[in-house]
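The next block holds one structure in the form of structure tokens; read it before the comments.
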Amino acid sequence: MIDTPALVDQYCHGVLRTELGLGTFEAHLGRGDRPPAPGTTFFDTQTGFAVRRWCPPLLGLEPHCPPARYLARRRELGVMESGRRLLRGSGITTYLVDTGLPGDLTGPGEMASAGDADAHEIVRLELLAEQVADTSGTVESFLGNLAESVHAAAANAVAFTSVAGVRHGLAFAPQPPGPGEVRGAAGRWLAARPVGGPLTDPVLLRHLLWIAVASGLPLQLHAGLGEPGLRLDRTDPVLLTDFARATAGLGTDLVLLHGYPYHRHAAHLAGIFPHVYADLGPALARTGARAAAVLEEILELAPFGKLLFSSGAHGLPELHVVGARLFTDALSRVLGGWAAEGAWSLADAQRVARMVAAGNAGRVYGLTT
Amino acid sequence: MIDTPALVDQYCHGVLRTELGLGTFEAHLGRGDRPPAPGTTFFDTQTGFAVRRWCPPLLGLEPHCPPARYLARRRELGVMESGRRLLRGSGITTYLVDTGLPGDLTGPGEMASAGDADAHEIVRLELLAEQVADTSGTVESFLGNLAESVHAAAANAVAFTSVAGVRHGLAFAPQPPGPGEVRGAAGRWLAARPVGGPLTDPVLLRHLLWIAVASGLPLQLHAGLGEPGLRLDRTDPVLLTDFARATAGLGTDLVLLHGYPYHRHAAHLAGIFPHVYADLGPALARTGARAAAVLEEILELAPFGKLLFSSGAHGLPELHVVGARLFTDALSRVLGGWAAEGAWSLADAQRVARMVAAGNAGRVYGLTT
Amino acid sequence: MIDTPALVDQYCHGVLRTELGLGTFEAHLGRGDRPPAPGTTFFDTQTGFAVRRWCPPLLGLEPHCPPARYLARRRELGVMESGRRLLRGSGITTYLVDTGLPGDLTGPGEMASAGDADAHEIVRLELLAEQVADTSGTVESFLGNLAESVHAAAANAVAFTSVAGVRHGLAFAPQPPGPGEVRGAAGRWLAARPVGGPLTDPVLLRHLLWIAVASGLPLQLHAGLGEPGLRLDRTDPVLLTDFARATAGLGTDLVLLHGYPYHRHAAHLAGIFPHVYADLGPALARTGARAAAVLEEILELAPFGKLLFSSGAHGLPELHVVGARLFTDALSRVLGGWAAEGAWSLADAQRVARMVAAGNAGRVYGLTT
């Protein structure tokens, strides 16, 4: 009843190019870097059950078949062919790919070709800064190269993304740091930093955000469930309120990624600030059978023109599938249900479904779908 | 199955006396003072869809007809006649009207007559203080007149209301400020204040709350979604815990208005403190098709004798309709559902529905319905 | 469809040995120590309605019969016989009993015999420390006896429990206090303390937690809805993040009790840390008709091997019944529903139900069920 012919995954990563054993595959179903508790497995999670529901049929197996059987079939087809079948079965027609994670992951071009879809690049600000630091000898050259690098990246990318919030907490000062402050922070960071060392200085992270804001490209900010080490309440998107106020009217859109379990707060900000957008990202794949309920919660306050779809998937094409299928299934059930009970008209339900699935992303990122 | 013959809207405002164009009408569907994002409209929100569901039939149109057609019909009938039809179709039998907002709004008498209902006044403390300041020459006369004014207002009003929390945050000191502190704050405020200037001093705001507590009238405190500029987490009703403890046993009831998205916290306080009550206010009109789900959440911890109904509507009679119809529809579905599955008896469900719709408010405000 | 032949109540208290009048019974349905508001009763709560749904049939009455009739029947049977019928009708096959609350309550042996079930003891750390303080003359003897007492208790108990969090807030320093700090705090506490005085010193509370961690027994930590006087947000389990990190890999499991309304946060921690477990405890009995919805929320992020059942019941065997029946009913509806819509396989749903009802607790506490 409610269909979504186009589906823009506005935030995901590539997939692993290597064959995976059962244990490695299982590790990608968990969150964080710790093993499952003794006597338990990450297959016994909503994510594990969702993978077993949606993916086996795409490889010619029964839904909910045992993990070992699924992995055997996956190896039998090979990582390339199973990836192709999975991505093409996801329903995703455009991938926006954050290329800033380490590992042997496919890039946008490969995602497009494997998935028979369009793909564009999202540039991760922190990685960009680390790469610039690796090749800059002085504070002055670092800062100059950084501005130039962001500017150059903006020419090819559809968005910038920042993990400042989920790595360090979202309670940062909302205003841009002053030039002297930035030079001082850069000097200290460069002096202490080994090659490849991560950017953790809060002044430089804020500086980066403001360079990105100046570029005019949409800026994606991670919120909600972040790095396992970080206290969850420090990722609450309400902490971005002052930053949203400080950036209002500058012409750059902010996209709050994920948000769960504070997705109602993200929806609130999307309702208050014209330049703020929200999605649920990997929250749907994390909550599996509860995806429709979580989607309903963000649909309370988010204006329907301000909500986007993303899978947030990383490494396994199964996570792209699960993110997309849970989303379209949930959207159809939720909006179809409201139409069935008369709360919405069916025409509105269909229109909103297409907006959230693809139309809003097309407008925000200037895609020609 | 579950009907509510009487419905007390225990917190709302009047409606605009002027004809509205499409743009002005739309602006009243959004939150805050910012326009919708380019390419979007506030009609594409739960509030917009709820208005289109419930209001057109009251003006002789099909549910979900296009906004332009609805507005044309509204103008054809005129603002008075459409207001009468809407208010009379809301099911509200008593309006408690906060008269403290600016704009050309109808007062309680006009609400009663247009809506064929009872109406009573709620006095907004901050406005009262600002009016007293406008006409008081000295600190001593200001403080004396203020106490007298609150006392006089208590004779005609059914409740006081304060927006201290959603304007400045609910994390204020729970105890009454000392006399010297109050005099000092009053002196500074009066000296710096232009005529009509708003009350923002936290000491005076607390002083006002405690004068109101001494009056014995129920005191309504805004919590949850407040002024768009305020960080949402600063409106969490848990921040009122110490104030609730400080006012326990004094004989004055506190009514926590709205609460969303922290309505479970408001319900918690209503369960712990005998003198604390809660409602969902405009949260139902904001969340539209989700009203039943939000109502279910507050019904977890709130004792059934401690929950009230209000629309929180302001400006558009459509918002009174939507608040009331979403509430009675949600109440009927939620309580009827629990009765149908055997969790509650049907008699209890009917009894609780009447308590929440009118009985509790009648007891708290001493109404003779 | 989804049945749970074994049911381990991993955290509860004993039941009162004395006959109860209507008022005393009603008081046990409320939270905290305040009376119901004038014109209201604690029977008009989700807990009251749930008791009236599930308990009368176990005493030969109709569901939802009036409270007075139920109490009359209860007295007619006598407190012993009605307790036996109720506990045996709960479906609980093993009780883990926190013996650390005051009052004339049955112990584990009596619970086992009345309920025709197994029972084991949980030792409450704060009470243990207070008992040791009552009989220790010096700081050195107190600290020595405390360590010895915890060690001795570990031999007979299946777990330790601490109310440090809901009594004082969960935002305590995560690391063990140093020896000098502990001696200083003990000296001050013992010097000022009347016999029987409660342990409130935060340094000693942390010291106790770390002695318990060293014992290797599972350590249960109360979170969420706690002492009525405490601000709810200070019981948010996210505040335990650093303590969880500090205790990771030491071989001692942490069990987060209750959690509501922050149960999604508890589930998050159970998903991140291998040694952290979660349950909903009395949240189900508190939310009654909403138990299935609350259970669904914790099932979003909690790995299915990390979720436990407890009633958290205290004083009334009715609360054991309600906790257990709401849980098994909710579990069957939620998991059965997911199986019916194809999100889960039926075999998985049945397997997970048995894990959550008993299997996980058996593994964590080393029970031989």
Side-chain angles (χ1 to χ4, degrees), chain A residues 171 174 233 236-242 244-245 248-249 251 253 261-277 293 295-307 334-335 337-339 341-349 351-352 355-356 359-360 362-364, chain B residues 29-50 52-54 56-57 62-67 224-236 260-263 282-294 297 322 325-326 329-330 333:
Chain A
D233 53 340
D236 186 335
V238 299
L239 299 170
L240 286 169
T241 306
D242 292 336
R245 192 179 305 106
D253 289 329
Y262 306 106
H263 42 296
R264 279 171 160 168
H265 301 181
H268 160 69
L269 292 175
I272 290 292
F273 293 105
H275 69 309
V276 173
Y277 292 76
L295 179 66
E296 285 180 315
E297 290 179 342
I298 204 170
L299 280 168
E300 289 165 6
L301 287 192
F304 309 135
K306 306 297 285 303
L307 191 60
V334 170
L335 304 195
W338 290 340
E341 71 191 33
W344 288 22
S345 75
L346 182 57
D348 278 332
R351 185 172 62 86
V352 169
M355 286 164 59
V356 178
N360 295 338
R363 198 176 64 246
V364 169
Chain B
L29 302 178
R31 298 186 296 127
D33 43 11
R34 292 183 168 86
T40 75
T41 156
F42 289 143
F43 280 104
D44 282 347
T45 57
Q46 291 284 4
T47 306
F49 281 23
R52 287 175 51 221
R53 174 198 197 174
W54 294 106
E62 289 293 299
H64 301 298
C65 74
L225 294 181
E227 304 278 312
L230 188 67
R231 249 179 56 184
L232 187 55
D233 54 341
R234 301 204 170 129
T235 67
D236 186 334
Y260 182 96
Y262 305 106
H263 43 294
L284 299 181
R286 288 288 163 221
T287 61
R290 286 282 295 169
V294 171
E297 289 178 343
V322 157
R325 299 298 287 269
L326 285 169
D329 179 65
R333 285 163 59 189

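Residue numbers begin at 1 in each chain, while the letters A, B, ... track the order of the sequences.
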(message) Looking at chain B, which one of Gly271(A), Gly305(A), Gly342(A), Pro303(A) has the largest number of heavy-atom pairs inside 4.5 Å, strictly under?
(response)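 Of the options given, most contacts go to Gly342(A).
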(request) Please determine, among Glu341(A), His275(A), His268(A), Arg245(A), the option with the most heavy-atom pairs under 4.5 Å with chain B. (result)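 Between Glu341(A), His275(A), His268(A), Arg245(A), the count favours His268(A).
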(message) Using heavy-atom distances under 4.5 Å, tell me whether Trp338(A) contacts chain B through its side chain, its backbone, both, or neither.
(response)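 Side chain of Trp338(A) only, per the 4.5 Å heavy-atom cut-off to chain B.
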(message) Heavy-atom cut-off 4.5 Å, strictly under: side chain, backbone, both or neither for Val276(A) against chain B?
(response)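 Neither part.
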So what's closer than 4.5 Å to chain A heavy atoms on [X]: side chain, backbone, both or neither?
X: Glu297(B); result: side chain
X: Leu230(B); result: backbone
X: Arg325(B); result: neither
X: Arg52(B); result: side chain

Rounded distance (nearest 0.5 Å) linking atom [atom1] of [X] with atom [atom2] of [Y]:
X: Leu240(A); Y: His265(A); atom1: CG; atom2: NE2; result: 12.5 Å
X: Arg351(A); Y: Asp44(B); atom1: CZ; atom2: CG; result: 4.0 Å
X: Asp348(A); Y: Arg53(B); atom1: CG; atom2: CZ; result: 13.0 Å

(request) Please identify each residue that fulfils ring pair (Phe, Tyr, Trp, His ring centres under 6.0 Å) with Phe43(B), with sequence neighbours left out. (result)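 So Phe43(B) forms no ring pair (Phe, Tyr, Trp, His ring centres under 6.0 Å) with any residue.
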(request) Go through Thr45(B), Thr40(B), Asp33(B) and name the one with the most non-hydrogen pairs under 4.5 angstrom from chain A. (result)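 The candidate making the most pairs under 4.5 Å is Thr45(B).
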(message) Tell me which of these, Arg290(B), Arg34(B), Arg286(B), Arg231(B), has more heavy-atom pairs under 4.5 Å with chain A than the rest.
(response)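 The residue among Arg290(B), Arg34(B), Arg286(B), Arg231(B) with the greatest pair count is Arg290(B).
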Between [Y] and [X], is there a side-chain heavy-atom distance shorter than 4.5 Å?
X: Pro261(B); Y: Leu232(B); answer: yes
X: Leu326(B); Y: Thr287(B); answer: no
X: Thr47(B); Y: Val322(B); answer: no

